[in-house]
2 protein chains.
Amino acid sequence: MGIPQPSLNRLPQYHHYLNQLKAKGINTVSCSLIGLDLNLVPVQIRKDLQYTGIVGKPKTGYAVAELIAAIETFLGWNNVQEAFLVGAGNLGTALLGHERFSTFGLRIVAAFDTDPEKIGQWIHGKMVLPLEKLADLAKRMSIHLGIITAPAECAQWIAEKMVSGGIQAIWNFAPVRLNVPPEIIVHNEDLYSSLASLSWKLAQRFNIPFQQDGGSN
Amino acid sequence: MGIPQPSLNRLPQYHHYLNQLKAKGINTVSCSLIGLDLNLVPVQIRKDLQYTGIVGKPKTGYAVAELIAAIETFLGWNNVQEAFLVGAGNLGTALLGHERFSTFGLRIVAAFDTDPEKIGQWIHGKMVLPLEKLADLAKRMSIHLGIITAPAECAQWIAEKMVSGGIQAIWNFAPVRLNVPPEIIVHNEDLYSSLASLSWKLAQRFNIPFQQDGGSN
DNA sequence: CATATCTCGATATTTTTTTATCGATATCCA
DNA sequence: TGGATATCGATAAAAAAATATCGAGATATG
Ligand SMILES: NC(=O)c1ccc[n+]([C@@H]2O[C@H](COP(=O)([O-])OP(=O)(O)OC[C@H]3O[C@@H](n4cnc5c(N)ncnc54)[C@H](O)[C@@H]3O)[C@@H](O)[C@H]2O)c1
Ligand SMILES: NC(=O)c1ccc[n+]([C@@H]2O[C@H](COP(=O)([O-])OP(=O)(O)OC[C@H]3O[C@@H](n4cnc5c(N)ncnc54)[C@H](O)[C@@H]3O)[C@@H](O)[C@H]2O)c1
């Protein structure tokens, strides 16, 4: 990995922030300013941005437009990835309807499900197809990205179908660790993990654990 | 912070895995086994689990049921947190409909929106209320957790309303960093960050970058 | 035109997190 | 019963990430 995972995760934040600046007509920015607004230390931002290959000017900072372009290029958001989504339920529907993904190089082209009631429906302009067709279609359409928003129980099985269809990367919203060949990129989006942090911190606060844990943060 | 953030994030994974074991009738487990299934090294798991205060037995491992209970207690999933959700759109609807959150100590009790068409509707058994009522109701009902699934532009404004209503923790799905008093816990669920990692790795694979930058990994 | 100041980029240090090592102990099996 | 073995818990080492420091170059100001 050429870039630390945390840096990679911060890049979209910068991207969003920079777009706000651009919208305001600001066209040059320094790490100190970003840090002030985003609550990060300037050195960290500088390091993160260096991975994109952009260079700044002392005293001035970076050109906003160039920086945005550099991040987009670095993240591969310029060449759109087409994706299949499996599990046209609550969450799947939300993702299907999210236009803004296209800004980030993602276009969901079709949904798949096993529920006969769902199959054949159109959701947010995308057709729901029977799961059996996935592998074949993925191959024919050269789809490389799969999104899993089906129940945890079926996730492994779906992943295998995806792999057999030549899919290379899986964005998995089901709370299971998928067992796939090592060359397949899997990214688990575990909402329960986030929730866990949150509820722990909140519980911590209300329990008033003997000693207010330094109260540092 | 008494526990590393990454450990905190892994606990729900263990929880989910342990429940699967329990369902299979397995009632004792070792870190080696967990590690095998979850693709983690046993030492790390042992360390993570130690934060929950549970103790295992040499040679045997841990009692599954006890471990599950320990994690739940540690994460505060026993005393249910009631929450308000703001932004009854695509994503908000998905979250409102997700029954399983209750297993993790989260109960969304009401939704709020500014859209007159949404207000008054029932979504997955929860009423959509006008945003103006949020602060007042939060105070009266002692709600401590707020979920933001509204557009990024309004997120800051919504956060302020939440804070004024006495809400202590915010689960923010909008891609902006919220500016709130330091004592407020904010957890940003940035789906674009995840997507960024994924698309970077995928782009990396297809670009076959003319191996500057070491290209080591 | 000189000087003060700001910010970059590189390098060094500190902190955090992951991984390795090792003795102690519970269980299994001969 | 006694030895082999697996696994825990604690401590140590290594790796990764965050933060600090500093010289150099750009810009503004007097
Ligand atoms: N909705 C949320 O807020 C939320 C939050 C966190 C995690 N998740 C996870 O996301 C996943 C989906 O959640 P949801 O709320 O959308 O569930 P859902 O029940 O609304 O949707 C699941 C969909 O998957 C389909 N499905 C079932 N078995 C299938 C199979 N074998 N192959 C293909 N499709 C199949 C169902 O027909 C349904 O359309 C779950 O794993 C859930 O744990 C959801
Ligand atoms: N849907 C997704 O898959 C997805 C993915 C990533 C991020 N997000 C983020 O989640 C948020 C919501 O996404 P969505 O797809 O549900 O959008 P959406 O447009 O479907 O829903 C937004 C909802 O917020 C309401 N709203 C607008 N202004 C409001 C205000 N001032 N106060 C209260 N409510 C207000 C709207 O009436 C609407 O019901 C956005 O910030 C989006 O960037 C969504």
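Order of the sequence lines fixes the chain letters, A, B, ..., with proteins taken first and strands second; residue numbering starts at 1 for each chain.
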Are [X] and [N] close enough that a side-chain N or O sits under 4.0 Å from OP1 or OP2?
| X | N | value |
| --- | --- | --- |
| B:K47 | C:dT17 | no |
| A:R46 | C:dG9 | no |
| A:S32 | C:dT7 | yes |
| B:Y62 | C:dA26 | no |

| Within a strict 4.5 Å, meaning less than it, do heavy atoms of the B:S197 and A:N9 side chains meet? |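 A side-chain contact exists here, since the closest heavy-atom pair is under 4.5 Å.
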
| Residue pair B:F104 / B:H15, side-chain heavy-atom distance below 4.5 Å |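 In contact.
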
| field | First of B:V29 and A:T60 reached from the 5' end of DNA chain D, by closest nucleotide | value |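 The residue whose closest nucleotide sits nearer the 5' end is B:V29.
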
| task | Could you pick out which residue, B:G61 or A:V43, lies toward the 5' side of DNA chain D when each is mapped onto its nearest nucleotide? | result |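 It is B:G61, whose closest nucleotide lies nearer the 5' terminus.
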
As a test of reading the structure: which of [options] is closest to the side chain of [X], going by heavy atoms?
| X | options | answer |
| --- | --- | --- |
| B:K57 | C:dC8, C:dA20, C:dT27 | C:dT27 |
| B:Q44 | C:dA10, C:dT18, C:dT17 | C:dT18 |
| B:S7 | C:dT18, C:dT21, C:dC8 | C:dT18 |

Between [N] atom [atom2] and [X] atom [atom1], what is the distance in whole Å?
| X | N | atom1 | atom2 | value |
| --- | --- | --- | --- | --- |
| B:K59 | C:dA26 | NZ | P | 13 Å |
| A:L33 | C:dC6 | CG | C1' | 13 Å |
| B:I3 | C:dT16 | CD1 | C1' | 14 Å |
| B:I45 | C:dA20 | CD1 | P | 13 Å |
| A:Q5 | C:dT17 | CD | C1' | 15 Å |

| query | How are the rings of B:H98 and B:F101 set relative to one another: parallel (under 30°), tilted (30 to 60°) or perpendicular (over 60°)? | reply |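 The rings of B:H98 and B:F101 stand perpendicular, inter-plane angle above 60°.
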
| field | Pair A:D48, A:S7: side-chain N/O donor-acceptor within cut-off below 3.5 Å | value |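 There is such a pair (donor and acceptor under 3.5 Å, judged by atom type) between the side chains of A:D48 and A:S7.
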
| query | Going through the distances and angles, do A:R177 and B:N39 end up as a side-chain contact (heavy atoms from CB on, under 4.5 Å)? | reply | CA-CA 8 Å; A:R177 179 146 314 218; B:N39 241 54; 4.0 Å; yes

| request: Shoot me the first and last contacting nucleotide of DNA chain D against chain A, ordered 5' to 3', at under 4.0 angstrom to non-hydrogen atoms. | output: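 Extent of the interface on DNA chain D: D:dA17 to D:dT27.
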
| Are B:Y51 and B:F74 close enough that their ring centers fall under 6.0 Å? |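 Here the rings of B:F74 and B:Y51 have centres that are no less than 6.0 Å from each other.
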
| query | Which residues pass the salt bridge (Lys or Arg N to Asp or Glu O under 4.0 Å) test with B:E66, sequence neighbours left out? | reply |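 None.
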
